[in-house]
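Note sheet for the following structure.
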2 protein chains.
Amino acid sequence: MDTLETRELRYFMAVAEELHFGRAAERLGMAQPPLSRAIQQLERRLGVSLLQRNRRGVCLTGAGEVLLHEGRAALDAATAAARRTRRAGGAGTPDGLRNRLVLAVKAAASHELLRKLLDAYAAEPDAAEIEVLPCGSCEQEEMLRDGRADVALMHMPYNSLAGFDSEELLTEGQIAVLPAGHPLAARRTLTLADVSDIPDLPLARWPRHGTYPPGPGPEVHDQTQLAQLIALGRTMAIIPDSARAWLWAEHTAVPLTDAPPVVTYVAWPAHSRSLALAGLIRTATQL
Amino acid sequence: MDTLETRELRYFMAVAEELHFGRAAERLGMAQPPLSRAIQQLERRLGVSLLQRNRRGVCLTGAGEVLLHEGRAALDAATAAARRTRRAGGAGTPDGLRNRLVLAVKAAASHELLRKLLDAYAAEPDAAEIEVLPCGSCEQEEMLRDGRADVALMHMPYNSLAGFDSEELLTEGQIAVLPAGHPLAARRTLTLADVSDIPDLPLARWPRHGTYPPGPGPEVHDQTQLAQLIALGRTMAIIPDSARAWLWAEHTAVPLTDAPPVVTYVAWPAHSRSLALAGLIRTATQL
DNA sequence: GTCCTGTCATACCCGGTGGGTATCACCGAA
DNA sequence: TTCGGTGATACCCACCGGGTATGACAGGAC
């Protein structure tokens, strides 16, 4: 009566995202008519109209928008429950609370911090095994939400800590990474005003949650691409100080005096109750 | 394959909480054998053992503990999705994002703040209708989690903000509420040391998440009971300053100089995207 | 030892329903 | 007008979720 089956949620999410019953049914691996019927049943059960069927395709009603957001969270929670339960039992540890932890990190970010954290935690008396899960820009949130990870290193202001518990670990400044030969590369320090709107060095654009922000710069989706484009003199980037680790010889890093500081946090699902996780967080905050 | 049906979760939660198939089946309104079979299917699907069936009853394995916690969150998310969707469509507003907001407050707490908030918000140009949902001690978190409320006023350190977004609204001191005739009632200020372990005035005990902390004081579960017991000289209480509103003539309030301050926050589900909610929060933070 | 009791598991049956195929009703474009 | 493409309807079947009856097994009383 007052609860939704995850099957209903899956179906609705597919239709709400595709805005097309046929494509949604294909994505779900089923025929279109049962999908239509399932959505109608869902609407009747909720007593609410979710989709507006107009002449050509469908569009969401207000209630549909709400269910799209809330349902995403509910589905993530359900798959997270399945994944974490499987991991808890699969490791073979009898008590189940001392198993492997999956730590999501943005690939190549905070490398030094990560190494120190792993070393310090490994020295703890009853440390769990830590699996490091490298992920792309801003994917850590998704990984925590759907249970592929148990804990993550996040970087404000790039990530959002909404919905997670967190502890602050490290604050660092940012540097401008320029082609070694560029005139600005000779400067000791730079400001944001110095590096914005340079016609020959537009800022590279990173995908945020799958989409690229608008702008003149080239679209990149990993450090190697970015590094190459900078070395070729096609773009520049503003990155946290600790990312100096992966710079090339053709790069020059210049500190930015007025860039917003980047704060690294360790974050985990708010309802988490694992002993191993508590130990890792204690270790991290004592670094 | 990698997602759990809410039916399976409901069944497992019942068994995990009762630790008894028969009672769990009764609670679920079904017979015991299908429940047994459903749990076995769930264990097979997940590939992990959740319950340890020993001679007399059952107990949870480690993986079962994990699923108990994660499943609670997932079930809450699913029922929250249903409730919020129903409310979004039921109000009859066509755009659905400008509907009624349910605000959970601890009954009789922050009365003045609440009045100011409601007045200020009602004066906004396109204010949604606010339904005030009074709830018992620490119930606001549950209300937000399972969708009965959209936003809440919470009081640190009594509530936990884990898993919610929040903004600080107000910090206040605490007062000791004593029977008017008591010797300590003549003092201008008191300290925690003054009022702890007074044999004739043991501190009243409030339920926290359904259970009472241990101690010598009487158990109370609403302000009226507490007020009466204080007036009768049987107990005393330490409460935030703003709760002076409901004191009786037979009560005397004395400021406590070293009690931890109580901070009132406005809190809401982290993934919330409602325009009406954003307006209410903006109003609250500008008070 | 033999009951008896209480637990969860098994065996078997049935009805509801989720899913499939075929088709319809409708609308816009050519 | 016809045609392509949309979602809805009609109808059927198989699966499975749920029920009842019963079994297997362990403890406790005696």
Side-chain angles (χ1 to χ4, degrees), chain A residues 1-61 63-64 67-68 71 75 78 82 89, chain B residues 1-61 63-64 67-68 71 75 78 82 89:
Chain A
M1 172 60 98
D2 60 345
T3 189
L4 294 175
E5 290 303 315
T6 62
R7 184 180 54 84
E8 301 178 291
L9 278 178
R10 268 200 318 275
Y11 289 3
F12 175 75
M13 304 298 292
V15 176
E17 283 171 10
E18 298 281 351
L19 291 179
H20 189 289
F21 278 80
R23 284 195 298 271
E26 188 183 8
R27 205 172 94 179
L28 293 166
M30 65 187 292
Q32 170 258 321
L35 178 59
S36 273
R37 203 181 41 179
I39 300 292
Q40 289 177 62
Q41 284 175 352
L42 175 61
E43 289 181 301
R44 257 192 330 206
R45 256 164 46 83
L46 287 173
V48 162
S49 158
L50 299 170
L51 297 165
Q52 202 162 347
R53 283 88 161 163
N54 35 20
R55 11 200 151 283
R56 214 135 192 95
V58 292
C59 64
L60 287 172
T61 67
L67 186 56
L68 181 60
L75 272 184
Chain B
M1 172 62 97
D2 61 344
T3 189
L4 294 174
E5 289 304 315
T6 61
R7 184 181 53 86
E8 301 179 292
L9 279 178
R10 270 200 317 274
Y11 289 4
F12 175 75
M13 304 298 292
V15 176
E17 283 171 10
E18 299 281 350
L19 290 178
H20 189 287
F21 278 80
R23 284 195 298 273
E26 188 182 8
R27 207 172 92 178
L28 293 166
M30 65 187 291
Q32 170 260 320
L35 179 58
S36 274
R37 203 181 40 177
I39 300 292
Q40 290 176 62
Q41 285 175 352
L42 176 60
E43 289 180 302
R44 259 204 327 245
R45 257 163 47 81
L46 287 174
V48 300
S49 156
L50 299 170
L51 298 165
Q52 202 161 348
R53 284 88 161 163
N54 36 19
R55 12 203 152 283
R56 217 135 190 93
V58 292
C59 63
L60 287 172
T61 66
L67 187 57
L68 182 59
L75 272 184

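Below, chains carry the letters A, B, ... as their sequence lines are ordered, and counting in each starts from 1.
- Residue B/E26 contributes atom CD, which lies 13 Å from atom P of D/dG19 at whole-angstrom precision.
- Side-chain N/O atoms of A/Q32 and A/S36 include a donor and acceptor closer than 3.5 Å.
- Put simply, CD on B/E43 is 12 Å from C1' on C/dC8, counting in whole angstrom units.
- Comparing A/V58 and A/R37 against DNA chain D, the residue whose closest nucleotide sits nearer the 5' end is A/V58.
- For a distance-only test at 3.5 Å, the side chain of A/Q32 qualifies as a donor-acceptor partner of the base of D/dA8.
- Counting only distance, with no hydrogens or angles, the side chain of B/E8 and the backbone of B/E5 share a donor-acceptor pair below 3.5 Å.
- If you check residues 8-19 of chain A against DNA chain D, you find no residue with a heavy atom closer than 4.0 Å.
- Formation of a donor-acceptor pair under 3.5 Å by the A/R45 side chain with backbone atoms of A/Q40 is not found in this model.
- Toward the 5′ end of DNA chain C lies the nearest nucleotide of B/F21, the other residue of the pair B/F21 and A/A31 mapping further downstream.
- Side-chain N/O atoms of A/R7 include one lying less than 4.0 angstrom from OP1 or OP2 on C/dG19.
- If you check every strand for non-hydrogen atoms under 4.0 Å, B/Q41 touches sugar and phosphate atoms only.
- The side chain of B/S36 places no N or O atom within less than 4.0 Å of a non-bridging phosphate oxygen (OP1 or OP2) of C/dC8.
- At least one donor-acceptor pair closer than 3.5 Å links the side chain of B/E43 to the backbone N or O of B/L51.
- Nearest nucleotide to the A/P34 side chain, out of C/dA9, D/dG18, C/dT21: C/dT21.
- Between B/M30 atom CE and D/dG19 atom C1' the separation is 10 Å, expressed in whole Å.
- Taking atom CZ of B/R23 as the reference point, atom P of C/dG6 lies 13 Å away to the nearest angstrom.
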Next on the checklist: side chain to side chain contact (heavy atoms under 4.5 Å, CB included) for B/V15 and B/L19? Distances and angles first, verdict last.
Outcome noted: CA-CA 5 Å; B/V15 176; B/L19 290 178; over 6 Å; no

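- One interatomic measurement links the two molecules: CG of A/L35 to C1' of D/dG7, which rounds to 10 Å at whole-angstrom precision.
- In this structure a side-chain-to-backbone donor-acceptor pair under 3.5 Å is missing from A/T61 to A/Q52.
- What you find for A/L4 and A/L67 is that their closest heavy atoms are CD1-CD1, 3.9 Å.
- Protein atom CG of A/L50 is 16 Å distant from nucleotide atom C1' of D/dG7, rounded to whole Å.
- Here B/Q40 does not reach the OP1 or OP2 of C/dC8: none of its side-chain N or O atoms lies under 4.0 Å away.
- We find that CG of A/L28 is positioned 13 Å from C1' of C/dG19, with the value rounded to whole Å.
- The phosphate of D/dT6 (OP1 or OP2) has no side-chain N or O of A/R53 nearer than 4.0 angstrom.
- Between B/L51 atom CG and C/dT7 atom C1' there is a gap of 14 Å when expressed in whole angstrom units.
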